[in-house]
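Working notes, structure below.
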Amino acid sequence: MIAAGAFRIRTVMGTIRVRFAPSPTGLLHVGNARTALYNWLFARHHGGKFILRIEDTDVDRSEVRHEAQLMEDLRWMGMDWDEGPGVFGPHAPYRQSERLGIYREHTDRLLTEGKAYRCFCTTEELEGERAQAMAEHRPQVYSGRCRALGAEESARRAAAGEAFAVRLKIPDHPLRFHDLVRGDVEFPQETVSDPILVRSSGMPVYNYVVTVDDALMEITHVIRGDDHISNTPKQVAIYEAFGWNVPEFAHLSTILGSDRERLSKRHGATSIASFREMGILPEALVNYLALLGWGAEGGTREIFPLEELVDAFKLERVTASPAVFDFEKLNWMNRHYLRECDADRLAELAWPYFVQAGWLPEQDAAAADVRAWFERLLAIFVPSVDLLDQVPGKARFVFDFDPLRARDEEENAALLASENAQKVLAAFAAKVRAHAEPVDAAQFKAWMNEVKAETGVKGKELFHPVRIALTGSHSGPEFDKLVPLFEEGSALALPKHVLSVRERVEKFLAE
RNA sequence: GGCGCUAUGGUGUAAUUGGUUAACACGCCGCCCUCUCAAGGCGGAGAGUUCGGGUUCGAUCCCCGAUAGCGCUACCA
């Protein structure tokens with residue numbers, strides 16, 4: 001292989017046109033999303049066109065809802081397309097199921113030109129050939145028996161109603177193509193079989209339609225998963241048969257799980273929808289995915305907002321080796337963007353999780369003061385989470401204060417058992433009860449100093465009992481943030497009343 | 001079995017394309033901050049570049065071979 005850096009992108013020949021061609025058979029997977037992203041980045045970087053084409057020739061497994069979800073996921077990540085379903089384009093339609101007539105015409109052309117032929121072989125015969133080849137340690141290729149059939153005989157048998165598939169005649173020379181990430185790839189011609197173009201059922205096969213579409217849609221660069229490398233020589237032969245220009249290819253490596261197996265649901269969340277649901281920010285996912293298989297020149301920068309990705313992205317710098325998906329690093333990336341996210345958007349995004357917990361009203365039904373209060377709550381809890389869906393867990397005690405459970409917890413019980421803890425609690429409670437107004441952070445701080453002076457207890461022994469009495473836990477955010485949150489929250493009309501400092505103390509002491 | 005692709009710390013990527021103490025990030029460990037847990041800041045350990053040959057004054061980088069992982073090998077996509 002030649003170093004990939006030696007290649008130049010051929011921009012001079014005209015506008016770059018790339019496509020993302022998913023099958024709407026399920027949720028969009030990170031691997032495919034990354035393929036889409038690299039296509040999109042490449043197109044945007046060069047001012048080219050990004051085309052979305054739906055590969056729905058597998059009628060049984062394709063569903064419209066998946067197609068809709070797919071498009072939503074792409075948009076969520078920030079990608080748009082210049083041509084595709086629902087968008088006007090010069091090469092419509094963009095769903096393969098609507099292009100069947102086009103494929104048929106092309107097959108007829110190949111047949112009449114003698115580039116393809118009818119194959120009447122049965123499945124059993126083919127299986128026999130395969131077994132034989134395997135036993136003889138030979139490549140498993142079709143013998144080409146029907147290739148020798150005369151035109152009249154072929155036509156006669158077809159007319160007589162005999163079932164046939166259409167096969168392409170593989171040319172008599174090695175098939176090679178240029179890959180922007182791997183260099184030149186060549187397949188000896190004796191290892192590539194005459195591929196079936198059209199099944200005996202009349203349905204064209206994937207490798208065929210994909211090629212016809214790419215050519216007709218004037219795709220200049222085919223960027224896709226490396227599981228297609230072995231298919232490429234067949235596709236190259238199809239281009240040749242039609243006399244079409246062969247595009248450039250870029251085969252992206254596989255995304256692996258931590259066990260170096262292909263990433264799948266078995267490894268955890270893999271669909272874009274599930275990442276969104278758990279509270280991954282789109283910019284974090286996109287940035288992470290961009291780095292998984294690509295590195296900027298120099299390689300020391302990690303944080304790339306989408307616009308800067310467009311600028312920095314070079315297809316020649318895409319890595320050829322498979323990459324392990326690292327959830328930890330994605331989390332780190334998400335923390336980074338969470339920190340940068342402004343309060344308003346954060347509230348917008350985190351809100352549904354709190355509605356689901358039964359703690360907040362629907363967002364559009366919420367008063368402005370509730371909104372403002374919630375934004376402050378988020379400012380306290382978001383910095384300590386990886387994902388947005390973890391925030392309710394962190395903030396649970398704000399809405400759902402359970403003294404009994406807190407007392408039962410082993411470490412808490414030990415902390416509470418000491419004489420000092422009891423003294424502290426008694427002194428603290430006395431101050432709270434003697435004070436009718438809402439408490440502010442300064443007041444609270446003063447109390448703690450007084451309690452310290454009165455009891456002679458300080459440090460952890462001083463704070464832990466109070467913390468348990470107020471939050472149910474011996475650890476958590478700083479009091480000067482929590483106290484105002486409790487006090488102001490208690491004044492709000494919420495589905496679940498937020499207890500004030502005083503209410504917390506009373507409830508804790510009562511149980 | 002055949003063909004193809006790949007190979008730098010645990011993970012993702014760098015390395016002026018033959019000359020570096022092999023860099024950065026995640027993770028890990030430690031310290032600081034602090035009532036506490038996180039977060040954050042600072043620092044540290046961790047690879048001599050899969051292995052074996054070669055070319056060269058000198059190889060992560062070039063050549064050959066091996067090994068391993070993965071993919072394709074369908075009238076799946």
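Values below: every heavy atom of this structure, side chains too, minus hydrogens, waters and symmetry copies. Chain A is the first sequence line, chain B the second, and so forth, proteins listed ahead of strands; every chain is numbered from 1.
Nearest heavy atoms, A:A269 versus A:M278: CB-SD, 4.1 Å. Closest approach of A:S475 to A:R467, counting heavy atoms only: N-CD, 3.6 Å.
Residue A:G225 is classed as having no contact, given no heavy-atom separation below 4.0 Å to the nucleic acid. In this structure, A:N331 reaches neither bases nor backbone, as no heavy-atom distance under 4.0 Å exists between it and the strands shown. Looking at heavy-atom distances under 4.0 Å, A:R176 makes no contact with the nucleic acid at all. Within 4.0 Å of A:S321, counting heavy atoms only, lie sugar-phosphate atoms of the nucleic acid but no base atom. Contact annotation for A:T25: no contact, since no heavy-atom pair falls under 4.0 Å across all strands. Within the 4.0 angstrom heavy-atom criterion, only backbone atoms of the sugar-phosphate kind lie near A:L292; the bases stay farther away.
Here the nucleotide nearest the side chain of A:T300, chosen from B:G4, B:A77, B:C24, is B:C24. Considering only the side chain of A:F187, B:G4 comes nearest among B:C72, B:C75, B:G4. Comparing atom distances between the A:H228 side chain and each of B:A77, B:C26, B:C75 picks out B:A77 as nearest. Of the candidates B:A77, B:G1, B:C72, the closest approach to any side-chain atom of A:T57 belongs to B:A77. Side-chain proximity of A:N231 to the nucleotides B:G1, B:A77, B:C24 is greatest for B:A77. Distance from the side chain of A:S23 is smallest to B:A77 among B:C5, B:A77, B:A15. Checked against B:C75, B:G12, B:A15, the side chain of A:L126 finds its nearest nucleotide in B:C75.
Of the two residues contacting RNA chain B, namely A:F325 and A:A133, the nearest-nucleotide position lying further toward the 5' end is that of A:A133. Where A:D226 and A:P188 each meet RNA chain B at their nearest nucleotide, the meeting point lying more 5' is that of A:P188.
Rounded to a whole Å, the CG atom of A:N207 is 11 Å from the C1' atom of B:A74. One atom, CG of A:D326, and another, C1' of B:G12, lie 7 Å apart when rounded to the nearest Å. For the pair A:D227 CG and B:A77 C1', the interatomic distance rounds to 9 Å; values are reported in whole Å. Summarising the geometry, the separation between CD on A:E162 and P on B:C75 is reported as 17 Å, rounded to the nearest angstrom. Protein atom NZ of A:K234 is 12 Å distant from nucleotide atom P of B:A77, rounded to whole Å. If you measure from atom CD of A:E297 to atom P of B:C24, you get 18 Å, rounded to the nearest angstrom. Across the protein-nucleic acid pair, A:D259 atom CG and B:U11 atom C1' stand 13 Å apart, rounded to whole Å. Atoms NE2 (A:H336) and P (B:G41) sit 11 Å apart, rounded to a whole Å.
In the model, A:T232 has a side-chain atom that pairs as donor or acceptor with a side-chain atom of A:R224 under 3.5 Å.
A perpendicular orientation is assigned to the rings of A:F177 and A:F249, their planes being inclined by more than 60° (bins at 30° and 60°). The aromatic rings of A:Y142 and A:Y117 lie parallel to each other, their planes meeting at an angle below 30°, with 60° marking the opposite boundary.
One cannot find a donor-acceptor pair under 3.5 Å joining the base of B:C3 and the side-chain atoms of A:S230. Residue A:E302 places a side-chain atom within donor-acceptor reach of the base of B:G12, judged by atom type and a 3.5 Å distance cut-off alone.
Using a 4.0 Å cut-off between charged nitrogen and carboxylate oxygen, A:D259 and A:R266 count as a salt-bridge pair. Under the 4.0 Å criterion applied to side-chain N and carboxylate O atoms, A:E63 and A:R65 are assigned as salt-bridge partners. Under the 4.0 Å criterion applied to side-chain N and carboxylate O atoms, A:R95 and A:E67 are assigned as salt-bridge partners.
In this structure B:G48 sits in the syn conformation; its chi angle is within 90° of 0. Base orientation at B:U36 is anti, since its O4'-C1' glycosidic dihedral falls outside 90° of 0.
Phosphate proximity of B:C70 to A:R260: absent, as no side-chain N or O sits under 4.0 Å from OP1 or OP2. The phosphate of B:A74 (OP1 or OP2) has a side-chain N or O of A:Q140 nearer than 4.0 angstrom.
Nucleotides B:A47 and B:U8 place their C1' atoms 7 Å apart, quoted to the nearest Å. B:G9 and B:G48 have their P atoms separated by 8 Å, given to the nearest Å. Comparing B:G65 with B:C70, their P atoms are spaced 23 Å from each other, to the whole Å. To the nearest whole angstrom, the two P atoms, one in B:G54 and one in B:U49, are 16 Å apart. A gap of 50 Å separates the P atoms of B:G41 and B:A66, to the nearest Å. Taking the P atom of each, B:C28 and B:U67 are spaced 38 Å apart, rounded to whole Å. The P atoms of B:G43 and B:C26 are separated by 13 Å, rounded to the nearest whole Å. Nucleotides B:U20 and B:A15, compared at atom P, are 16 Å apart to the nearest Å.
Of the possible donor and acceptor atoms, none in the side chain of A:R118 sits under 3.5 Å from a partner among the backbone N and O of A:F164. The backbone N or O of A:L470 lies less than 3.5 Å from a partner atom in the side chain of A:R504, making a donor-acceptor pair.
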Dump the intermediate steps for salt bridge (Lys or Arg N to Asp or Glu O under 4.0 Å) on A:D214 and A:R19, then the final yes or no. CA-CA 8 Å; A:D214 284 343; A:R19 47 67 166 186; 2.8 Å; yes

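Geometrically, A:R145 does not engage A:F120 in a cation-pi contact, judged by NZ or CZ lying under 6.0 Å from the ring centre and within 45° of the ring axis.
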Both distances under 3.5 Å, Watson-Crick or G-U wobble: on that basis, could you give the dot-bracket string for RNA chain B, with [ ] for crossing pairs and | for other-strand partners? (((((((..((((.....[...)))).(((((.......))))).....(((((..]....))))))))))))....

Taking only distance into account, with no hydrogens and no angle test, what donor-acceptor pairs under 3.5 Å do side-chain atoms of residues 411-419 of chain A form with protein atoms, sequence neighbours excluded?
residue	atom	partner	partner atom	Å
A:E411	OE1	A:H474	NE2	3.4
A:N412	ND2	A:A406	O	3.0
A:N412	ND2	A:G472	O	3.2
A:S418	OG	A:A421	N	3.0

At under 4.0 Å between heavy atoms, how does the protein contact nucleotides 33-40 of chain B? Give one character per nucleotide, 5' to 3', with B, S or -. --BBBBSS

